[in-house]
**Q** 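Handing you a structure now.
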Amino acid sequence: MTGATDRVRELSPLPIWVAPMAGGPSTPGLVAAAARAGGLGFLAGGYKNAAALRADMDEVCAAGATTFGVNLFVPGAPAADPSAVASYVTSLRREAERSGAEPGEPSWDDDGWPDKIALLLEEPPPVVSFSFGCPPSDVTAGFRRRGTLVGITVTSAGEADLAVRAGADCLIVQGREAGAHTGAFTNAGAADTRPALLDLLAQLAAAADVPL
């Protein structure tokens, strides 16, 4: 644990990590500004293809920031019950009609996972983090061999155990208070039944031998 803790401190002189926010807010400018201020900013790889992510990384480096992280979404499995999904979409139609909208067709994709993993292994950033699931251990091992610190977002003790066994260098801990949504591995169970942040930190501090 000591080695990983020292590495975390080296990467971020200030104990502040600027969360990756997919969909636009986590711009290269924000990430570079965090680095200049002594924190650690993260590029959000979600909803982007590998080429767009590479362009963001190049822009951060061009701004003089050498220490930053990249976050990826771990793709979940396709819906196990397509008929249930179709039924749910049908149930939305009446509500959608009131506002003159039409529900979109449900679809699944892996968010460009293989291409983005290949890119980041070829051009490894100082830190890579994962949300909405646990990456396979061979993926975490590949990054660690290249000197990249691996963080995995967890929302429960069970997820933390899986993440540590998969090779996480550190855990990014989210309680149920997290705004908008949490990075839970699955959608099972109501969000308000998940542990609160301070309770979860106490659980993991006693059980997980990696930085939180």
Side-chain angles (χ1 to χ4, degrees), residues 1 4-5 8-9 11-12 14-27 30-31 34 39-48 68-81 84-85 87-89 91-92 95 103 106 108-111 113 127-137 139-140 149-212:
M1 178 176 178
T5 301
V8 168
R9 289 172 177 161
L11 289 165
S12 178
L14 294 177
I16 297 172
W17 286 16
V18 181
M21 296 167 281
S26 294
T27 63
L30 176 61
V31 174
L40 183 69
F42 278 80
L43 288 171
Y47 311 135
K48 290 187 175 181
F68 62 94
V70 176
N71 175 262
L72 297 182
F73 292 168
V74 178
D81 186 354
V85 175
S87 177
Y88 174 67
V89 172
S91 74
L92 297 175
E95 186 67 28
W108 178 91
D109 67 58
D110 62 8
D111 199 40
W113 171 263
V127 186
V128 69
S129 69
F130 297 93
S131 301
F132 305 116
C134 186
S137 57
V139 170
T140 59
L149 187 87
V150 177
I152 299 177
T153 302
V154 299
T155 65
S156 70
E159 290 178 356
D161 181 61
L162 290 173
V164 170
R165 288 194 279 120
D169 290 303
C170 64
L171 301 178
I172 300 165
V173 184
Q174 285 187 338
R176 64 171 177 257
E177 307 94 331
H181 55 68
T182 64
F185 289 8
T186 71
N187 289 324
D192 60 5
T193 65
R194 296 178 184 138
L197 179 59
L198 293 181
D199 292 337
L200 183 55
L201 283 170
Q203 290 179 43
L204 299 186
D209 192 27
V210 296
L212 311 176

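In this chain, numbering begins with 1 at the start of the sequence shown. Treat the numbers as computed from the prediction; the structure is a model and nothing was measured.
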**Q** Would you please classify the geometry between the F73 ring and the Y47 ring as parallel, tilted or perpendicular, with 30° and 60° separating the classes?
**A** perpendicular
**Q** Regarding T182 and R194, do their side chains bring together a donor and an acceptor under 3.5 Å, going by distance alone?
**A** yes
**Q** Say whether, by atom type as modelled, one donor and one acceptor occur between the side chain of E177 and the main chain of L197 under 3.5 angstrom.
**A** yes
**Q** Looking only at heavy atoms, which two atoms of S131 and N71 are closest? And how far apart?
**A** OG-ND2, 3.1 Å
**Q** Between side-chain atoms of residues 166-174 and protein atoms elsewhere (two or more places apart, or another chain), which donor-acceptor pairs fall under 3.5 Å?
**A**
residue : atom : partner : partner atom : Å
D169    : OD1  : R144    : NE           : 3.2
D169    : OD1  : R144    : NH2          : 3.3
D169    : OD2  : V150    : N            : 2.9
Q174    : OE1  : G183    : N            : 2.7

**Q** Backbone N or O of G151 within a donor-acceptor pair of the S129 side chain at under 3.5 Å?
**A** no
**Q** Can you name the nearest heavy-atom pair linking V18 to A34, along with the distance?
**A** CG2-CB, 3.7 Å
**Q** Sorted by first residue and then second, give each salt bridge (Lys or Arg N to Asp or Glu O under 4.0 Å) pair with at least one member in residues 199-208; sequence neighbours left out.
**A** none
**Q** Could you tell me the separation between the CZ atom of F185 and the OG1 atom of T153, rounded to the nearest 0.5 Å?
**A** 8.0 Å
**Q** Taking the side chain as every heavy atom from C-beta outward, state whether T5 and V8 have any atom pair closer than 4.5 Å.
**A** no
**Q** Just by modelled atom types, is the G76 backbone N or O under 3.5 Å from a matching donor or acceptor in the W108 side chain?
**A** yes
**Q** List for me each residue that meets side chain to side chain contact (heavy atoms under 4.5 Å, CB included) alongside P25, sequence neighbours excluded, and say none if there are none.
**A** M21
**Q** Could you check whether any side-chain N or O of S87 sits under 3.5 Å from a backbone N or O of A84, counting only pairs where one atom can act as donor and the other as acceptor?
**A** no
**Q** Considering all heavy atoms of both residues, which atom of L40 and which atom of G69 are nearest to each other, and what is their separation?
**A** CD1-N, 4.2 Å
**Q** Shortest non-hydrogen contact from P135 to I152?
**A** CD-CD1, 3.6 Å
**Q** For D109, what residues pass the side chain to side chain donor-acceptor pair (under 3.5 Å) criterion, not counting sequence neighbours?
**A** none
**Q** Hey, could you give me the CG/OG1 distance between L200 and T155, rounded to the nearest 0.5 Å?
**A** 7.5 Å
**Q** Walk me through it: do T186 and F132 pass the test side chain to side chain contact (heavy atoms under 4.5 Å, CB included)?
**A** CA-CA 7 Å; T186 71; F132 305 116; over 6 Å; no
**Q** Apply side chain to side chain donor-acceptor pair (under 3.5 Å) to S26 and list each qualifying residue two or more places apart in sequence or on a separate chain.
**A** none
**Q** For residues P195 and Q203, determine if any side-chain heavy atom of one lies less than 4.5 Å from a side-chain heavy atom of the other.
**A** yes
**Q** So, the side chain of T140 versus the backbone of S137: is there a donor-acceptor pair under 3.5 Å, distance only?
**A** yes
**Q** Of the options L43, L11, V127, which is the one that meets F68 in a side chain to side chain contact (heavy atoms under 4.5 Å, CB included)?
**A** L43
**Q** Under the side chain to side chain donor-acceptor pair (under 3.5 Å) rule, collect the residues that match up with D161, sequence neighbours excluded.
**A** R165
**Q** What are the two closest non-hydrogen atoms of L212 and A208, and how far apart are they?
**A** CD2-CB, 4.5 Å
**Q** Taking all atoms of both residues into account, what is the closest heavy-atom pair of R176 and A196, and its distance?
**A** NH1-N, 3.6 Å
